[in-house]
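To keep things clear, I will list the structure first and then write my remarks on it.
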Amino acid sequence: MCALLVGTVVAVAPLTVDLRAAQQFENPEVDLAALDDYAIRSHVYSRDGSLLTTLHGPENRQPVALEEVPDEVVLAILAVEDADFYHHRGVNLRATARALLENVAEGGIVQGGSTITQQLVKNALLTSDQELDRKTREAALALRLEEQLSKDEILELYLNTVYFGAGAYGVQAAAETYWNRSVGRLGWAEGAMLAALIANPTGSDPTLYPENARRQRSIAIDRLVVAGHLTSEEAEEVARVPLPLGRCGPGVPPTECPDGDERWLETHDSYFVEDVKQQLLNDPRYGLGDTAIDRFNALFSGGISVHTTLDTGAQFVAEVVADEVVPDNEDGVTAAMVAVENDTGAVRAMVGGPGFEEFKFNIATQQPGLQTGSAFKTFVLLAALEQGAIPTDNVDGGGDFDNPGGDPDPYRISGRGGTLTSITASSSNGAFVRLGQIVGLDAVAEVAERLGLRTNFEGLPISMPLGTLDTTPVDMASAYSAIANGGIHEPWYLIERVESATGEILYEHRPSPRRVLTADTACMATEALEAVVRSGTGTRARLDRQPAAGKTGTTDQHQDAWFVGYTPYLTTAVWLGKPLDPDDPDDARVDLRNLGGIANFGGNYPAMVWRDFNEAYHAAFEEGTFEDCERTRGSRQLTERGIAASIGRSGTTGSSSGSGSGSSSGTPRSTTTTTAPPRSTSTTTTPATTVAPPPTDPPPTTAAPPPPPTDPPPPEPSVPPTVAGEG
């Protein structure tokens with residue numbers, strides 16, 4: 001014992017010298033801004049304000065006010081780290097000597113040596129080098145800090161910056177990591193465990209070294225008894241509380257996260273969240289900085305709040321429906337889906353593939369090579385309507401078409417003719433190739449591009465009306481939403497608002513409507529697309545309480561199957577197939593003429609996914625209506641002379657590709673008001689940047705299109721006759 005006392009005296013003596021030096025140390029006031037300059041995690045919220053995920057770098061921290069921390073946690077940490085905190089001036093030599101004696105006697109960490117003020121200074125302003133000059137500066141700065149801040153302010157800073165292991169900085173992050181709950185719901189046992197972690201965050205980690213953690217927690221509980229905060233009986237009860245056996249946090253499987261009152265930390269990313277992250281990292285218009293490093297630091301350590309368009313209820317239904325409808329298979333066949341609000345462009349749900357942890361490439365927004373099949377025929381229809389055609393006009397079916405420079409030449413395609421409505425409902429390949437020649441493929445490409453479709457329009461093969469060009473589900477949903485919205489297009493977007501850690505609005509989405517179709521064109525297109533669902537290839541997409549319009553699409557060997565459709569409220573694009581792994585050059589598409597016993601037509605699985613999702617989504621909406629279209633003339637036969645000549649006009653109805661909201665001779669579509677919660681808007685007057693088209697990857701490079709698909713083979717017996725003949 002004598003040797004121990006001698007060692008203690010030797011250890012304390014230099015501190016006495018340090019303190020004397022510190023009292024004479026010439027140092028300016030502590031830079032309080034430096035104390036606040038620590039990483040704070042960012043939050044991503046859904047449409048209704050619920051937390052989707054947290055984003056942070058190596059330091060996971062969420063500051064809380066001192067009054068939010070329970071007394072049990074505060075008293076436990078003070079009992080172990082600085083029992084005299086409220087009585088000293090920043091440096092406590094007597095406590096240092098006492099801590100040395102007690103720690104040696106107990107064989108563990110019973111009480112810290114440095115005061116909480118000194119620890120705060122060391123962690124925030126100095127290095128951990130055990131040099132005399134550093135100890136002198138630490139003492140000097142601690143004394144100065146006590147003159148600049150109150151005890152409560154110092155304690156709050158400390159509780160928000162101290163490290164508790166497992167990447168958790170501060171009491172809030174530690175509470176979430178070890179107990180899956182807010183710090184406000186911790187008690188004596190949790191407070192004692194936190195106090196035990198400070199001196200040795202790794203060695204006392206209850207998820208790694210439970211025996212040592214239990215021993216160190218018991219020492220902390222004993223200190224609470226000595227301090228008079230617990231009776232012996234209460235201490236015994238606290239010591240019986242089980243230790244946390246798992247953690248919560250990014251990369252941790254949900255099964256290993258302790259049961260708690262809330263999921264405070266997202267355990268995995270999602271396709272939607274990942275796209276939000278990439279937009280924030282790559283685009284300076286969101287206010288996070290002009291350089292990539294500035295944006296990275298702001299996103300992962302700047303404490304920003306990102307409010308998104310995602311409807312969590314819709315997202316849950318989308319994921320469940322996609323999982324349930326897609327048949328079990330060994331080929332990697334999966335579904336992708338995007339739901340876009342017609343009048344705003346807000347993305348309400350997104351399924352990017354089989355699961356982000358399994359397949360990290362977002363099929364809904366990034367996957368190249370997804371040919372649209374007959375879902376592209378809608379743009380041919382729109383071009384015809386713009387040039388003056390009406391749904392009851394007639395067009396002949398397939399045949400031989402001159403194809404100079406193409407292969408084959410002549411180009412031969414079958415498929416019956418009929419009215420524009422009937423060939424759309426039956427998805428006649430031959431009739432739409434002919435219609436493409438009548439209106440001109442340049443006009444078709446211009447319409448598709450005007451509606452936001454990104455693809456390679458160079459070359460324009462004669463088979464383009466059959467969907468040989470590729471694009472993404474989000475672009476298809478966005479393009480169709482303009483039809484549903486009476487010809488006015490709002491670009492799709494994911495981010496409503498970005499706020500700084502102090503609540504300053506860095507970015508706020510502003511509507512940017514642009515008329516891309518006349519109201520008459522949009523109305524007549526809807527009339528034809530309603531027939532697809534009512535009696536054509538898309539009957540499996542019928543809804544009970546909402547009108548629906550849309551188009552099926554199927555490519556060669558059924559590798560891609562689509563249903564893109566809309567109600568008066570929402571447009572949804574569904575794709576189903578086997579995605580290509582961009583990291584595997586040998587990956588190949590598969591023949592899906594038999595998937596779960598039936599062919600992968602757009603009118604089968606994609607239409608069923610679309611129907612089941614939209615039935616659930618619209619449950620809280622009043623029944624909407626589509627506008628009745630006016631007729632100004634009778635039906636005509638459309639010929640290769642062009643629509644204007646076919647209908648006896650000297651010109652066309654004109655293009656509506658100009659910018660601005662525009663006007664039309666038609667009556668804008670009216671819809672009933674939803675009974676769902678209204679879309680929230682900010683009341684702030686802070687200027688915000690007007691939204692441009694959403695930042696995404698550049699349009700994928702399109703290889704030379706494969707030979708155009710012919711009319712599909714006769715369906716399997718189990719396939720309803722309504723899908724026969726679909727291209």
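Each residue takes its place number in the sequence, starting with 1.
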Would a 4.5 Å heavy-atom cut-off, applied to side chains only, mark [X] and [Y] as touching?
X: Tyr178; Y: Asp205; result: yes
X: Pro511; Y: Thr344; result: no
X: His229; Y: Trp188; result: yes
X: Thr308; Y: Leu52; result: yes
X: Cys248; Y: Glu176; result: no
X: Gln279; Y: Leu494; result: yes
X: Phe85; Y: His88; result: yes
X: Val347; Y: Phe272; result: yes

Heavy-atom closest contact ([X] atom, [Y] atom, distance):
X: Val225; Y: Ser232; result: CG1-OG, 4.4 Å
X: Ser204; Y: Ala196; result: OG-O, 3.7 Å
X: Asn92; Y: Gln118; result: N-OE1, 4.5 Å
X: Phe300; Y: Lys277; result: CZ-CE, 4.3 Å
X: Leu506; Y: Gly287; result: CD1-O, 3.8 Å
X: Ala349; Y: Gln315; result: CA-OE1, 3.4 Å

Check whether any side-chain N or O of [X] sits under 3.5 Å from a backbone N or O of [Y] as a donor-acceptor pair, and report yes or no.
X: Arg61; Y: Ala39; value: yes
X: Arg47; Y: Thr312; value: no
X: Thr291; Y: Asp294; value: yes
X: Ser42; Y: Leu299; value: yes
X: Gln366; Y: Asn362; value: yes
X: Thr53; Y: Val44; value: no

Item to check | Full working for side chain to side chain contact (heavy atoms under 4.5 Å, CB included) between Glu138 and Thr115 | outcome: CA-CA 11 Å; Glu138 178 186 299; Thr115 66; over 6 Å; no
Qualifying salt bridge (charged side-chain N to carboxylate O under 4.0 Å, His left out) pairs with a residue from [range], counting only residues at least two apart or across chains:
range: residues 297-307; answer: none
range: residues 226-235; answer: none
range: residues 186-197; answer: none

Item to check | Verdict with reasoning, Asn200 to Gln216, per side chain to side chain contact (heavy atoms under 4.5 Å, CB included) | outcome: CA-CA 10 Å; Asn200 190 355; Gln216 295 301 106; over 6 Å; no
Checklist entry - Is the Tyr493 ring parallel, tilted or perpendicular to the His509 ring (thresholds 30°, 60°)? => result parallel
Item to check | All pairs passing side-chain hydrogen bond (donor to acceptor under 3.5 Å, both in side chains) where residues 62-80 contributes a residue, at least two apart | outcome: His43-Gln62
Checklist entry - Does a sphere of radius 6.0 Å around CD in Glu237 hold more than 12 heavy atoms from other residues, nucleotides or ligands, not counting ones at 6.0 Å or beyond? => result no
Rounded to the nearest 0.5 Å, what separates atom [atom1] in [X] from atom [atom2] in [Y]?
X: Thr231; Y: Glu236; atom1: OG1; atom2: CD; value: 8.5 Å
X: Arg89; Y: Thr117; atom1: CZ; atom2: OG1; value: 11.5 Å
X: Thr334; Y: Asp323; atom1: OG1; atom2: CG; value: 8.5 Å
X: Ser50; Y: Leu310; atom1: OG; atom2: CG; value: 8.0 Å
X: Glu504; Y: Thr502; atom1: CD; atom2: OG1; value: 5.5 Å
X: Thr365; Y: Tyr271; atom1: OG1; atom2: OH; value: 10.0 Å

Under the ring pair (Phe, Tyr, Trp, His ring centres under 6.0 Å) test, which residues partner [X], sequence neighbours left out?
X: Tyr617; value: Phe613, Phe621
X: His307; value: Tyr45
X: Tyr209; value: none

Salt bridge (charged side-chain N to carboxylate O under 4.0 Å, His left out) partners of [X], counting only residues at least two apart:
X: Lys360; value: none
X: Glu490; value: none
X: Glu156; value: none
X: Glu499; value: Arg497

Checklist outcome for this item: The side chain to side chain donor-acceptor pair (under 3.5 Å) partners of Glu211 (sequence neighbours excluded) come to Arg214
Checklist entry - Could you walk me through whether Leu186 and Leu194 pass the side chain to side chain contact (heavy atoms under 4.5 Å, CB included) check? => result CA-CA 10 Å; Leu186 302 187; Leu194 291 179; 3.9 Å; yes
Checklist outcome for this item: Per side-chain contact (heavy atoms from CB on, under 4.5 Å), Leu66 is matched among Leu157, Asn160, Asp152 by Asp152
Checklist entry - Is Lys151 salt-bridged to Glu146, cutoff N-O under 4.0 Å? => result yes
Checklist entry - Hey, are Arg348 and Glu341 close enough for a salt bridge, meaning a charged N less than 4.0 Å from a carboxylate O? => result yes
Checklist entry - Between the side chains of Arg41 and Thr54, is a donor N or O closer than 3.5 angstrom to an acceptor N or O? => result no
Item to check | Residues Tyr286, Ile495; criterion side chain to side chain contact (heavy atoms under 4.5 Å, CB included); working and verdict | outcome: CA-CA 9 Å; Tyr286 292 109; Ile495 300 171; 3.8 Å; yes
